[in-house]
Amino acid sequence: MPRLLPAAAGLREARGSLPGATFAMCHSDPLDKNFDFAEAEPRLYAGWEESGLFRADPERPGPPFVIVIPPPNVTGNLHMGHALDATLQDILIRYHRMRGDNTLWVPGTDHAGIATQNVVERALAAEGLDREELGREEFVRRVWEWKATYGGNIVRQLRRLGASCDWSRERFTMDEGLSQAVREVFVSLYDEGLIYRGQYIINWCPRCHTAVSDIEVEHEDRRDSLYYLRYETEGLGPLVVATTRPETCFGDVAVAVGPNDPRYAAYLGREARVPLTGRLVPIIEDAHVDPDFGTGALKVTPAHDPNDFAIGQRHGLGQILALDESGLLTGAAGPYEGLDRFVARERMLGELGERGLLEKVEPLEHAVGVCYRCRTVIEPLVSRQWFVRAAPLAAEAARAVRDGRTRLVPATWEKTFFEWMDNIRDWCVSRQLWWGHQIPAWYCGGCGRTVVAREAPAACPDCRGTGLDQDQDVLDTWFSSALWPFSTLGWPERTRDLERYFPTTVLVTGFDIIFFWVARMMMMGLKTMGRVPFGTVVLHPLVRDAQGQKMSKSKGNVVDPLEVMSRQGADAFRFALAAQAGQARDLKIDEQRVRGYAKFVNKIWNAARFALSALAEAGGAPGAGEAPGDGGRPAALPDRWIRSRLGAVAGECRAALEGFHFDRYCDLLYQFTWYEFCDWYLELAKPILHGQDAGAARGTLGWLALSLGDLLRLLHPAMPFVTEEIWRRLRPGAGSIMAGPFPEPLAGEADPEAERQVRCLMDLTRAVRQVRSDFGLGPGPRLSPVVLARDGEIGRLLESHAPLLLRLMGADSLRLAGDDSGRPPDSAANVLDWGQVWTPLQGLIDPGAEAARLSREAERLAKDIGAASSKLGNPGYLAKAPEDVVSETRERLAALEDRLAAVRRALGVVGAISGNGPGAA
RNA sequence: AGGCGUGUAGCUCAGUGGGAGAGCACUACCCUGACACGGUAGUGGUCAAGAGUUCAAAUCUCUUCACGCCUACCA
């Protein structure tokens with residue numbers, strides 16, 4: 001009678017109190033040859049969502065395991081980076097959920113200031129509208145409207161991937177609660193003097209019409225020109241200055257030369273005439289000037305160059321704005337006023353040439369700053385902006401990483417992190433946009449006082465005037481994302497979620513936003529919460545195309561994850577991403593590889609098909625929880641073996657996931673599933689299942705079902721859909737596979753004896769198959785191998801499994817022969833007497849080719865034997881190498897020698913067949 | 001300029017002190033009753049180059065070469 005398997009024999013049942021779930025009927029026929037992912041994925045996902053298994057409950061027991069998703073842009077569509085990010089997070093979340101941890105995965109989206117504003121502006125342009133026409137209020141209303149219509153894309157797309165987020169906790173960076181968090185942080189940092197407003201040189205995008213922070217400027221190498229301009233002086237002849245931006249000369253306030261530069265000693269204290277304007281500026285010396293670059297003289301334009309700005313400060317020089325916010329020349333440029341900077345440059349060069357003020361032009365390769373959003377050349381500009389004083393915050397963040405409160409994985413990123421944190425500059429947080437968190441600062445029209453407050457003040461605290469105007473700027477979008485780990489949990493309210501789930505456990509993201517996001521979350525988390533916002537940061541590679549090129553629309557090499565999923569299925573896609581998520585910096589996504597894992601999904605599906613049909617044949621599925629057998633331990637060798645191996649693999653999977661080695665986890669399961677579970681276990685189980693012994697068949701069937709279930713559980717975090725679909729057929733009514741448990745190695749299941757015996761069966765089988773293959777026999781001819789059984793145990797093993805071996809080998813009979821060498825075989829392959837097998841094969845083989853092949857093998861073996869024996873003849877090795885290493889080498893040497901002997905015997909046989917081949921050497 | 005990283009089979013990549021591995025591709029044979037999206041057996045490598053440390057180096061150290069990325073105020 002089948003009975004319930006005792007817990008000790010199976011893998012632990014679910015702990016905790018995850019809600020049981022009921023599911024809709026399975027639709028596809030269990031006997032379909034392929035998994036119909038297109039049908040199953042949406043159905044399964046809907047079932048999961050309804051079941052409530054994604055939802056976190058702070059009152060449940062269990063250690064918290066919390067991830068906040070890196071919020072994608074609300075206007076965005078799922079790209080490869082998101083897909084990788086979400087896959088890795090989902091693997092961790094599902095693994096920990098199955099383990100019984102109290103898991104929470106917070107999803108959400110980012111309002112993405114510039115990006116979103118640009119997108120909506122483009123859409124309006126298509127309607128013939130522009131933002132200025134609409135006015136701020138109407139424009140912002142349109143953006144919200146846009147968000148309502150299109151903002152759900154990415155969230156739906158994450159569902160297609162199988163992401164098990166807690167959608168009841170979905171957040172948006174401009175939600176009321178999160179906006180409140182933003183104001184709260186801004187005001188308290190201002191009160192502490194960590195936020196200030198000031199007139200400094202900043203990076204200005206003339207297309208987006210806004211300031212951008214230093215890290216939002218990307219540098220592109222460009223071939224440009226270096227122009228040598230003559231600045232006339234009184235009596236001393238012209239002073240030649242090299243510049244790449246001649247149009248900024250209208251903003252020049254000085255010419256600087258290096259300290260103690262003998263070439264220019266006479267010029268110091270004199271004045272130079274700015275070309276085309278006739279304006280006189282002082283000639284000064286400053287340490288910044290590199291005497292070896294250009295002419296060793298530098299024009300100083302404090303309003304339009306960060307270095308010149310610093311020089312201007314040092315020397316108390318003024319500033320002249322030569323360019324406006326659209327990149328057009330100002331009134332300072334006289335006749336050039338109103339011209340675009342690049343147009344003006346061309347025209348000026350003509351005039352300079354005509355007037356003999358252009359000494360020469362040299363080609364120059366240099367880096368040009370461009371806007372990371374629209375790639376327009378950035379114009380440094382003096383402007384009044386809000387800044388976060390970053391150094392003290394960064395110092396805390398760096399300390400937290402140095403003392404291990406937050407760990408970066410892989411740790412090599414720590415150096416990069418410190419490098420930046422130790423050299424951090426103040427963060428310009430104001431943006432001249434309409435879409436975003438408006439800065440909570442008000443200016444009194446009466447007395448000019450600035451009021452920074454959580455809510456709009458009714459009147460000026462100084463003059464009581466009511467004419468207060470709020471700052472028109474909004475905050476950098478990264479300001480609100482920096483608060484994400486706690487703002488999403490309800491802060492500044494003291495919520496139950498915040499208490500239970502903060503700090504979060506792991507942050508998973510690409511290394512490209514370490515500075516933009518990770519560092520700033522650390523700074524804000526430490527400042528605001530007094531704790532690091534996450535314990536571990538997992539930095540994954542960046543996804544590239546199959547050639548390793550960055551994906552971009554202009555290159556046309558963008559691979560759409562949705563398309564890949566619709567062709568190959570979400571499971572295959574996820575598995576491909578995770579299997580390649582090693583410690584490298586690039587992840588090359590190639591659909592061929594995804595296709596390979598789709599085959600793997602098919603392999604799993606068919607293994608299940610086999611098991612399910614065997615269960616059905618046995619008269620109603622006993623279910624994986626039921627198995628006959630004694631004392632809950634498997635009796636048959638294949639079952640003992642697979643239980644032992646499953647336990648070991650479960651342990652390795654756990655270790656891989658705990659260490660964030662997603663690639664190892666995937667590789668492990670791919671190899672085990674295909675080459676052990678399918679190729680060997682199922683094959684070894686077949687004769688038992690189809691055999692005469694009904695009790696044995698029932699027993700193996702139970703273990704087969706149980707083991708398949710455990711395998712599915714191991715695979716589930718990476719391949720949620722197919723594993724769930726099979727699980728429901730395998731254990732109807734048992735609830736979702738995602739409720740766990742995740743298999744773990746149990747001491748009672750390790751069975752080294754069974755593993756050794758199965759290895760031996762495998763070696764023997766392989767040896768015979770090799771004979772068959774080497775001689776090109778095909779499956780037709782029946783063989784009668786003779787095995788040299790050199791010890792009683794092996795003999796008994798072979799005798800007890802003779803039918804199995806005959807089946808595997810395709811042999812008619814299997815004979816055991818004694819051996820007089822007395823050496824115990826350590827590799828069963830070596831006990832086959834090939835000569836006995838081959839002798840009757842005369843006429844079926846090509847002796848010449850066979851002799852050549854065997855000679856090559858003999859050569860290789862001799863080389864390996866030479867290496868191993870010289871090692872064993874080395875006194876240093878024997879003295880210093882660990883004992884197990886030495887004995888391993890001895891065993892290997894013996895095995896190699898056995899093999900060589902067999903190959904030589906074989907050569908003798910081949911020689912005998914050919915009549916003149918190489919003799920038995 | 002500085003920092004980081006990479007270089008292992010045709011391709012994509014694991015492997016961090018003791019037998020050079022995986023997937024794909026390739027070759028041969030096989031539609032064996034889960035799967036031809038399959039099975040079996042194979043081919044293929046001076047682990048970029050050189051030197052050093054060690055009984056022992058793909059692995060540790062140094063140098064060189066090639067490539068990539070990041071940071072940076074050479075106008």
Side-chain angles (χ1 to χ4, degrees), chain A residues 31 33-35 214-215 219 226-227 241-245 248 256 288-290 292-295 297-301 305-311 364 366-367 380 412-413 415-416 419-420 423 511-512 514-515 542 546 548 550 572 576 579-580 582-590 592-593 595-614 661 663-664 667 670-671 678-679 682-683 686 690 765-766 769-774 776-780 807 810 853 864 867-868 871 874-882 884-886 888-889 891-893 895-896:
Chain A
L31 295 176
K33 256 189 175 180
N34 299 303
F35 173 50
D214 292 332
I215 50 176
H219 297 273
L226 185 60
Y227 307 97
V241 167
T243 180
T244 52
R245 297 190 300 160
T248 61
H288 169 73
V289 182
D290 176 0
D292 298 324
F293 186 88
T295 60
L298 171 73
K299 68 189 212 51
V300 181
T301 320
D305 183 281
N307 298 309
D308 295 8
F309 181 81
I311 295 173
L364 177 73
H366 69 150
T412 47
W413 288 108
K415 276 182 194 165
T416 309
E419 178 75 15
W420 194 65
N423 297 296
F511 61 79
D512 53 332
I514 292 181
F515 304 146
L542 265 30
K550 207 178 213 170
Q580 292 177 93
Q583 314 252 299
R585 291 187 171 203
D586 294 345
L587 189 163
K588 294 178 185 119
I589 190 77
D590 181 354
Q592 278 308 108
R593 183 147 180 184
R595 176 79 200 121
Y597 290 119
K599 292 182 181 180
F600 180 48
V601 171
N602 186 250
K603 188 76 180 173
I604 296 166
W605 179 255
N606 277 288
R609 212 156 71 96
F610 170 74
L612 289 168
S613 72
H661 298 294
D663 52 341
R664 196 182 302 164
D667 197 46
Y670 186 94
Q671 300 288 330
C678 291
D679 285 352
L682 294 184
E683 294 306 320
K686 277 176 189 175
H690 301 144
T765 305
R766 284 198 191 106
R769 284 174 180 167
Q770 197 177 329
V771 168
R772 202 177 271 284
S773 169
D774 287 350
L777 298 181
R807 179 195 160 95
R853 197 191 64 80
D864 289 349
K871 203 177 234 189
N874 177 349
Y877 176 71
L878 294 174
K880 295 193 182 177
D884 55 323
V885 169
V886 175
E888 210 175 286
T889 306
E891 284 164 28
R892 194 166 56 82
L893 179 60
L896 289 168

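Here is the naming used below: chain letters follow the sequence lines, and residue numbers restart at 1 for every chain. Given the structure is predicted, the values throughout are model-derived calculations rather than measurements.
Put simply, the side chain of Lys599(A) and the base of A36(B) share no donor and acceptor less than 3.5 Å apart.
If you check every strand for non-hydrogen atoms under 4.0 Å, Lys686(A) touches a base. Looking at heavy-atom distances under 4.0 Å, Ala584(A) makes contact with sugar-phosphate atoms alone, never a base. Nucleic acid contact for Asp290(A): base, since at least one base atom lies under 4.0 Å from a heavy atom of the residue. Using a 4.0 Å heavy-atom criterion, one finds that Ile215(A) contacts no nucleic acid atom at all. The residue Tyr670(A) sits close only to the backbone: its heavy atoms come under 4.0 Å of sugar-phosphate atoms, none of a base. At the heavy-atom level, Asp679(A) lies under 4.0 Å from the strands shown only through sugar-phosphate atoms. Residue Thr889(A) is out of contact with every strand shown, counting any heavy-atom pair closer than 4.0 Å.
Between Arg585(A) and the phosphate of C69(B), there is no side-chain N or O to OP1/OP2 separation shorter than 4.0 Å. The shortest distance between the side-chain N/O atoms of Tyr877(A) and the OP1/OP2 oxygens of G17(B) is not below 4.0 Å. The side chain of His288(A) places no N or O atom within less than 4.0 Å of a non-bridging phosphate oxygen (OP1 or OP2) of C74(B).
Look at the P atom in both G45(B) and G21(B): the space between them is 13 Å, to the nearest Å. Comparing G23(B) with G42(B), their P atoms are spaced 14 Å from each other, to the whole Å. Nucleotides G50(B) and G7(B) have their C1' atoms positioned 16 Å apart, rounded to a whole Å. Atom C1' of U27(B) sits at a distance of 40 Å from the matching atom of C60(B), rounded to the whole Å. Nucleotides C30(B) and C65(B) place their C1' atoms 49 Å apart, quoted to the nearest Å. Spacing of C1' atoms, U61(B) relative to A28(B), comes out at 47 Å, to the nearest Å. Between C26(B) and U59(B), the distance separating the two C1' atoms is 30 Å to the nearest Å. With P as the reference atom, A34(B) and U40(B) are 14 Å apart, rounded to whole Å.
The distance from atom CG of Asp586(A) to atom C1' of G68(B) is 8 Å, rounded to the nearest whole Å. To the nearest angstrom, C1' of G5(B) lies 8 Å from CH2 of Trp413(A). Rounded to a whole Å, the CZ atom of Phe511(A) is 9 Å from the C1' atom of C70(B). For the pair Arg766(A) CZ and A41(B) C1', the interatomic distance rounds to 11 Å; values are reported in whole Å. For Arg245(A) and C74(B), the CZ to P distance is 12 Å, given to the nearest whole Å. Rounded to whole Å, atom P of A14(B) lies 12 Å from atom NE2 of His661(A). Between the OH atom of Tyr597(A) and the C1' atom of A22(B) there is a distance of 9 Å, given to the nearest Å. Atom CD in Glu891(A) sits about 18 Å away from atom P in G18(B), given to the nearest Å.
Pair assignment for A72(B) gives none, since no Watson-Crick or G-U wobble pairing has each distance under 3.5 Å. Base pairing annotation: G33(B) forms no Watson-Crick or G-U wobble pair, as no partner gives both donor-acceptor distances under 3.5 Å. Pairing of U53(B), defined by two Watson-Crick or G-U wobble distances under 3.5 Å, is not identified with any nucleotide. Here C13(B) sits opposite G21(B) as a Watson-Crick or G-U wobble pair (both hydrogen-bonding atom distances under 3.5 Å). The pairing partner recorded for A66(B) is U6(B), the criterion being a Watson-Crick or G-U wobble arrangement whose two distances lie under 3.5 angstrom. Judged by Watson-Crick or G-U wobble contacts below 3.5 Å, the nucleotide U46(B) has no partner. Pairing for A41(B) is with U27(B), a Watson-Crick or G-U wobble pair whose two hydrogen-bonding atom distances lie under 3.5 Å.
Candidate nucleotides G23(B), U40(B), C73(B) were compared by shortest atom distance to the side chain of Asn307(A), and C73(B) ranks first. Closest to the side chain of Lys880(A), out of U12(B), A34(B), U54(B), is U54(B). The Lys871(A) side chain lies nearest to G19(B) when the options are A75(B), C4(B), G19(B). When distances are taken from the side chain of Leu364(A) to each of A75(B), C70(B), A41(B), the shortest belongs to A75(B). For Asn602(A), taking side-chain heavy atoms from C-beta onward, the closest of the listed nucleotides C24(B), C37(B), A75(B) is C37(B). In this structure, of C74(B), G18(B), C70(B), it is C70(B) that holds the atom nearest to the side chain of Phe515(A). Ranking C73(B), C4(B), G18(B) by closeness to the Lys415(A) side chain, first place goes to C4(B). Comparing G23(B), A72(B), A34(B) by their nearest atom to the side chain of Gln671(A) picks out G23(B). Each of A36(B), A75(B), A72(B) was ranked by its minimum atom distance to the side chain of Ala242(A); first place goes to A75(B). Comparing G18(B), C37(B), A75(B) by their closest approach to the side chain of His366(A) singles out A75(B).
With contacts defined as side-chain heavy-atom distances shorter than 4.5 Å, the pair Gln583(A)/Asp663(A) does not qualify. You'll find the side chain of Asp305(A) stays beyond 4.5 Å of the side chain of Thr248(A), heavy atoms only. For the pair His288(A)/Val300(A), no side-chain contact is recorded, criterion being any heavy-atom separation below 4.5 Å from C-beta on. Using a 4.5 Å heavy-atom threshold, the side chains of Phe511(A) and Leu542(A) count as touching. In this structure the side chain of Ile514(A) reaches within 4.5 angstrom of the side chain of Trp413(A), judged on heavy atoms. Looking at Phe293(A) and Leu226(A), their side chains come closer than 4.5 Å, going by heavy atoms from C-beta outward.
When atom types are taken as modelled, the side chain of Asp586(A) and the backbone of Lys588(A) share no donor-acceptor pair closer than 3.5 angstrom.
Between Trp420(A) and Phe515(A), the ring planes lie parallel to each other; the angle is under 30°, not in the 30° to 60° tilted range.
Each of Leu298(A) and Pro882(A) has a nearest nucleotide on RNA chain B; the 5'-most of these lies closest to Pro882(A). When each of Gln583(A) and Arg595(A) is assigned the nucleotide of RNA chain B with its nearest heavy atom, Gln583(A) is the one assigned upstream, toward the 5' end.
Here CG of Asp590(A) is found 8.0 Å from CD of Gln580(A). Values are rounded to the nearest 0.5 Å.
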